[in-house]
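FYI, side chains are in, hydrogens and waters are out, and symmetry mates aren't considered; it's all heavy atoms of this structure.
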Amino acid sequence: MTTKRKTTALKQLEILNKRGFLSQENLLELVRLRTGHEGETYFISYLKKHLTSEPIIINDFRFSVKKSECQIDCLLIYQYKCIILEIKNYQSDFYVDDNQWFIANNKKQIRSPIEQMNNGKRMLAELFNEEGIRMKIDGYVIFTNSQFLLYNAPFMSEIVFPNRLKNFVNDLNREQDYLSDWHNRIFEKIKSRHIDVSTHEISIDFDVDSLTNGVTCFIENCKGFMQVKGRKYVVCKSCGSIETMDQAIIRSVKDRRILFPEDKITVSSICEWMGNTISVEKIRKTLSANCVCHGRGKNTYYELVE
């Protein structure tokens, strides 16, 4: 069972949030993406702990059928069926009126999670048809947050509320999970249709000049910057967290690459990005030890090995 990976947009917004001021629009997008990621991460962790049946599990499956793109949060392949799971981490009050979903405090309409799940079922059925796969497809919407409340909730077995999550997983544990080479071939066909980067992923606009150079803290919710502590470490000036210089350098390289994927990694660019917090010699040594070096002299640049 793989872990839930953050989208590029979420990674970019988290980096920008530490190095500058996000616009109200980008801040709301950060909250939305982070909330969704946390919900899916929680559910995957819950499955790892409580699921005793052994289906094939595919997380964050994105694919395209007839020029239309679809993303499925979690897909379970059992002996006789596939199960689509649409995971929602809603944290406030909602209500349903004539099959339309609304946020309670501002009456803003949202797309129905049931429709999202049913759309995933339809598109997966299309993919199965193209690949010659014959298998039943079920679907559920999983609400993970105990603070979620739905007024006028429709009576539907496809909806799993937080207080029913344990029962739902117990039901999964009773599913028949004898898998053969045929199921493995289905998995390979599905995996071959996976799209790594969504064509719909938003592009984050930001002002390069507004970014603050320095070594940001590695703690997710800390917006502090780090300073050198001794010969091997850096320490956060806000929360006191400590990490090695090597870790800070490689993390800074990864952050810069996420924001500027086309830029070459050079000693001078990383030194500037880190606000000259760590010496040029140390940065060069760390890059040489962890990257592939290209070119010579002033034309030297590095490619991070992962």
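Residues Phe63 and Met123 meet the side-chain proximity criterion, which asks for heavy atoms closer than 4.5 Å. The closest side-chain heavy-atom distance from Tyr140 to Ile159 is not below 4.5 Å.
A salt bridge (charged side-chain N to carboxylate O under 4.0 Å, His left out) check over residues 258-280, counting only residues at least two apart or in different chains, returns the pairs Arg256-Asp263. Here ring-ring contact (aromatic ring centres under 6.0 Å, His included) pairs that include residues 210-253, with residues two or more places apart or in two chains, number zero. Applying the salt bridge (charged side-chain N to carboxylate O under 4.0 Å, His left out) test to pairs two or more places apart or on separate chains, those with a residue in residues 177-193 are Glu130-Arg193, Glu131-Arg193, Glu188-Lys191. Among pairs with a residue in residues 280-306, those fulfilling ring-ring contact (aromatic ring centres under 6.0 Å, His included) read His294-Tyr301, at least two apart in sequence or across chains.
One distance of note links CD1 of Ile278 with CE of Met226; it measures 9.0 Å at 0.5 Å rounding. To the nearest 0.5 Å, atoms CG (Leu13) and CG (Leu27) are separated by 9.0 Å. Note that SG of Cys74 is 10.0 Å distant from CG of Asp60, once rounded to the nearest 0.5 Å. To the nearest 0.5 angstrom, Arg32 atom CZ is 11.5 Å from Asn26 atom CG. Atom OG1 of Thr277 is separated from atom CG of Asn213 by 9.0 Å, given to the nearest 0.5 angstrom.
Judged purely by atom type and a 3.5 angstrom limit, Glu303 has no side-chain atom pairing as donor or acceptor with the backbone of Cys293. Under a 3.5 Å cut-off, the side chain of Asn106 and the backbone N or O of Lys108 do form a donor-acceptor pair. Side chain of Arg62 to backbone of Gln71: no donor-acceptor contact under 3.5 angstrom is found. Between the Asn173 side chain and the Leu51 main chain, no donor and acceptor come within less than 3.5 Å of each other. Side-chain atoms of Ser45 do not come within 3.5 Å of backbone N or O of Thr41 as any donor-acceptor pair. Checking side-chain atoms of Thr300 against main-chain N and O of Gly297 turns up a donor-acceptor pair under 3.5 Å. Formation of a donor-acceptor pair under 3.5 Å by the Trp101 side chain with backbone atoms of Gln109 is not found in this model. In this structure, Glu38 contributes its side chain and Thr35 its backbone to no donor-acceptor pair below 3.5 Å. The closest donor-acceptor contact from the side chain of Asn145 to the backbone of Gln91 lies at 3.5 Å or more, if one exists at all.
The shortest non-hydrogen separation linking Gln79 to His183 is O-NE2, 2.8 Å. Closest approach of Gln116 to Glu86, counting heavy atoms only: OE1-OE2, 3.2 Å. Closest non-hydrogen pair, Phe206 versus Leu259, comes out as CZ-O, 4.1 Å. Of all heavy-atom pairs spanning Pro113 and Lys88, the tightest one is CB-CE, 4.1 Å.
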For this session: Decide ring-ring contact (aromatic ring centres under 6.0 Å, His included) for Tyr78 and Tyr80; before the verdict, give the C-alpha distance in whole Å, the side-chain angles of both, and the deciding distance to 0.1 Å.
Result: CA-CA 6 Å; Tyr78 280 97; Tyr80 298 116; over 10 Å; no
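Relative orientation of the Phe148 and Phe94 rings is tilted, given thresholds of 30° and 60° on the angle between their planes. Between Phe102 and Tyr95, the ring planes lie parallel to each other; the angle is under 30°, not in the 30° to 60° tilted range.
Applying the 6.0 Å contact sphere to CZ of Arg296 captures no more than 12 heavy atoms from other residues, nucleotides or ligands.
Partners of Asn118 under the side chain to side chain donor-acceptor pair (under 3.5 Å) rule, at least two apart in sequence or in another chain, do not exist in this structure. Under the side-chain contact (heavy atoms from CB on, under 4.5 Å) criterion, Tyr42 pairs with Tyr46, Thr144, Leu165, sequence neighbours left out.
Of the candidates Arg251, Lys282, Lys232, Lys282 is the only one forming a salt bridge (charged side-chain N to carboxylate O under 4.0 Å, His left out) with Asp246.
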